[in-house]
Structures are given as C-alpha cells and as structure tokens.
Enquirer: 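Have a look at this one.
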Number of protein chains: 2
Amino acid sequence: MPTATREPFLPVIRELVRTYQAFESFSNAHVRELGLTPPQFDVLATLGNTPGMSCKELSEQTLITKGTLTGVIDRLVDKGLVSRTAQEEDRRSVLIALTDTGQALFDQIFPAHLAHMRQAFAGLDNDDFSRICAELAKLRRSIGLAMENCKP
Amino acid sequence: MPTATREPFLPVIRELVRTYQAFESFSNAHVRELGLTPPQFDVLATLGNTPGMSCKELSEQTLITKGTLTGVIDRLVDKGLVSRTAQEEDRRSVLIALTDTGQALFDQIFPAHLAHMRQAFAGLDNDDFSRICAELAKLRRSIGLAMENCKP
DNA sequence: TATTGTTATACTCTATAACTATA
DNA sequence: TATAGTTATAGAGTATAACAATA
C-alpha cells in the first residue's frame, strides 16, 4: 500500500504550477507570433527604455545565467536588435543596449504584448490584484526563508 | 518620451513570475541532486502509484507535448526506470509504466522531495494555503477565459 | 479518415567549467 | 586574487511537421 500523502501544501503547489503554466502558455503564444523566443523577449523587454546595461545586470534581472545569456544576446545581435559596446571605465564590462531597430521593435511589440496580456486579467478588478499580490508575496517570502536555510 | 505603462495587472505578473521562479529554483535544486531533470521527475511522479498509462494520458497530465515526451521516456527507459509495453486492446497505444527499479526509486525519492518542499511552506498555516489557492484559482479562471476567447 | 506514437529537423536553452582580459 | 564575459562541452528540451501502424 502506498503511504497516503496528505500534505496540506500540495494543493498550493498544484494551483501555483497550473496558474503559471496557463499564464506562460498565453504569453508565449503571443511572443512566438512576434518571431521571438521567450528568453529573447525577456531581454528585449528588460532593455527597453533603458540606456543599456552590463551582462551582469541583465543576467540578474532576467535570471538567465551568464553563459546562456551570451548565446541569447548573440542571436539578438544577429537579428540586429541589440548591440555590444566596450565600456571605458571597466574594460572587462560590456554595455548591452537596444539598437535603433531594436528600440523601434520594442516600441511596437511591447504595447501589443501588454494589450494581449490585459485580456488575461479582464475578469478581475484592482482589489483582486491586491489580494493576489499579497498572497503570492507571502508564499514567496516563505520559499525565500527555506532557500536561505538550505544554503548555509 | 516613453509612454507610461500604468497597467494595474503588471504587479500581478511580476509577483506570479517571481514566486514561481523561487518555487522552481527550490524544487529543481533538489530534483537535480537526485540525478533527474525536472521533466523526468515530473513523469516519474505522475507514474508513481499508478498501473501506468498511455503516452497520450501522460502528455496531458504533464503538459509535455508528445514529440518531446518520446525523448524524455527514451532517457528514462535507458536508465531502467520506465517500461514501454504494447497494448492489446488498441495496438496503436503503448503502456508507459514504472519498472520495479523505477517504483523503488519513486518510493525513495518522492517522500524525500515532499520533505524538501515542506520547508518552503513552513511559514504558512492552513488558512494561508486556502487563501493562496483561492486567489490563484481566480486568476487561472480569468486566464482560461482569455485563452478561450483567443482560439475561436 | 482519424488517432497513437515515433521520427526527423533544426534550434534554443541549460548546466558546468575552463579560459581571457582586465581590475 | 577576484571579476566580467566568452568559449567549450555535452546534453536536454522545444516546436513543428511528416510518417507508420492501427482503428
């Protein structure tokens, strides 16, 4: 006989995973229509309306590891959307920024993506948003504590 | 000047993504210690304590598309954890099931994984669980409606 | 004709670690 | 020594479509 696993947190995991998968599926379908992969869109969206940033900053914001980021940026450079510029202050560092073409694409697709995503929240009001954020934040804090306790 | 994007749902997206990423990072770190990739663990966990199921069912439950699933199962078969058996009723279909080795591994690592995950919920009580589930379910329903409206 | 699963293609991402060049 | 980023490896997952066997 299998042990009954009546863990009260299992429904939370199920719901979190399902909700996130629904969100991703809805978002990614639109991103792919735009001719980008999700990580490429992530980078583009992070660089939009900024003067650019180093690989390190970009890596921290997108949670893409530096090795992977090199490849993602390579493909965006190939598409002419992103540029790499040597930095004068610290010559180890590289400034990653949108090209004019990249900024133009961003200006076009980012609002379109927002409009697409707006539909996913059409059934909810601002009070719902507040409650959802509050509950998710509580959960995230709890996970964060566990991660700290696992490290040291 | 960039258009100000004061979309009230953006904080929800940010919080959902961050919370999910924290959850995944915490869960995957443990799964990889067990020598499995996340999709492989997903398949193993789905097959555990079942008599097995077809590729189609497995694909539906794990949300791994059938083409990808073939490769994931190949690697689990190579590890001796999963078997493929021809079905008599419908000879197009294949029964995917845990081998004895696979079931033994499942019996060993699934409780260990639950114990690991329990830590991530240590700061919360059953009322928190209910509230989080309720809010996530509301959000998921709204996303689901948008997906339906996009299709037809 | 429709369905189940495999194969084929071509990428894209991932983890990891070694390496280069600065600092 | 430490840091920023690239390169090198070796997988593994992804989307997509064509395909074989069966229903």
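Labels below follow one simple rule: chain letters A, B, ... track the order of the sequence lines, proteins then strands, and each chain is numbered from 1.
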Enquirer: Between A:Thr37 and A:Val31, is a side chain to side chain contact (heavy atoms under 4.5 Å, CB included) present by the stated rule, with each step listed?
Expert: CA-CA 7 Å; A:Thr37 65; A:Val31 165; over 6 Å; no
Enquirer: Between D:dG5 and A:Ser93, is there an OP1 or OP2 to side-chain N/O distance shorter than 4.0 Å?
Expert: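 Yes.
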Enquirer: Just to verify, what does A:Lys56 make a side-chain contact (heavy atoms from CB on, under 4.5 Å) with, not counting sequence neighbours?
Expert: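 A:Ser54, A:Glu60.
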Enquirer: Mind calculating the distance between CD (A:Glu57) and P (D:dT3) to the nearest angstrom?
Expert: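 About 16 Å, once rounded to whole Å.
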Enquirer: Applying a strict under-4.5 Å side-chain criterion to I, L, V, M, F, W and Y, I'd like to know whether B:Ile13 and A:Tyr20 cluster together.
Expert: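 Yes, because B:Ile13 and A:Tyr20 connect within a single hydrophobic cluster, where side-chain heavy atoms sit under 4.5 Å apart.
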Enquirer: NZ of B:Lys56 versus P of C:dT6: gap in Å, rounded?
Expert: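 Distance check: B:Lys56 NZ to C:dT6 P gives 14 Å.
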Enquirer: Can we say A:Asp128 and A:Arg131 salt-bridge, meaning some charged N sits less than 4.0 Å from an Asp/Glu carboxylate O?
Expert: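 Looking at A:Arg131 together with A:Asp128, the answer is yes, because their closest N to O distance falls below 4.0 Å.
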Enquirer: Looking only at the side chain of A:Cys55 (C-beta and beyond, no hydrogens), which of the listed nucleotides C:dA21, D:dT6, D:dT22 gets closest?
Expert: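 Within the option list, the nearest is D:dT6.
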Enquirer: Under 4.0 Å, heavy atom to any atom of DNA chain D: which of residues 63-91 of chain A qualify?
Expert: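 Residues of residues 63-91 of chain A under 4.0 Å from DNA chain D: A:Lys66, A:Gly67, A:Thr70, A:Arg84.
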Enquirer: Mind calculating the distance between CG (A:Asn28) and C1' (C:dC11) to the nearest angstrom?
Expert: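 Atom-to-atom, A:Asn28 to C:dC11, this comes out as 16 Å.
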Enquirer: Going by an N to O cut-off under 4.0 Å, is there a salt bridge joining A:Glu15 and A:Arg18?
Expert: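 Salt bridge between A:Glu15 and A:Arg18, a charged N being under 4.0 Å from a carboxylate O: no.
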Enquirer: Taking the inter-plane angle between the rings of B:Phe110 and B:Phe106 on a 0 to 90° scale, is it parallel (under 30°), tilted (30 to 60°) or perpendicular (over 60°)?
Expert: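 Plane angle under 30°, so parallel.
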Enquirer: Parallel, tilted or perpendicular for A:Phe129 and A:Phe121, by the 30°/60° rule?
Expert: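 Judged by the thresholds at 30° and 60°, the geometry between A:Phe129 and A:Phe121 is perpendicular.
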Enquirer: Using a cut-off of strictly less than 4.0 Å between a heavy atom of the residue and any atom of DNA chain D, enumerate the qualifying residues of residues 32-44 of chain B by number.
Expert: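 Contacts with DNA chain D under 4.0 Å: B:Thr37, B:Pro39.
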Enquirer: Atom CZ of B:Arg92 and atom C1' of D:dC19: how far apart are they, to the nearest Å?
Expert: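 The answer, rounded to whole Å, is 15 Å.
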Enquirer: Give a yes or no on this: more than 12 heavy atoms of other residues, nucleotides or ligands lie within 6.0 Å of atom CG of B:Asp125.
Expert: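 Yes.
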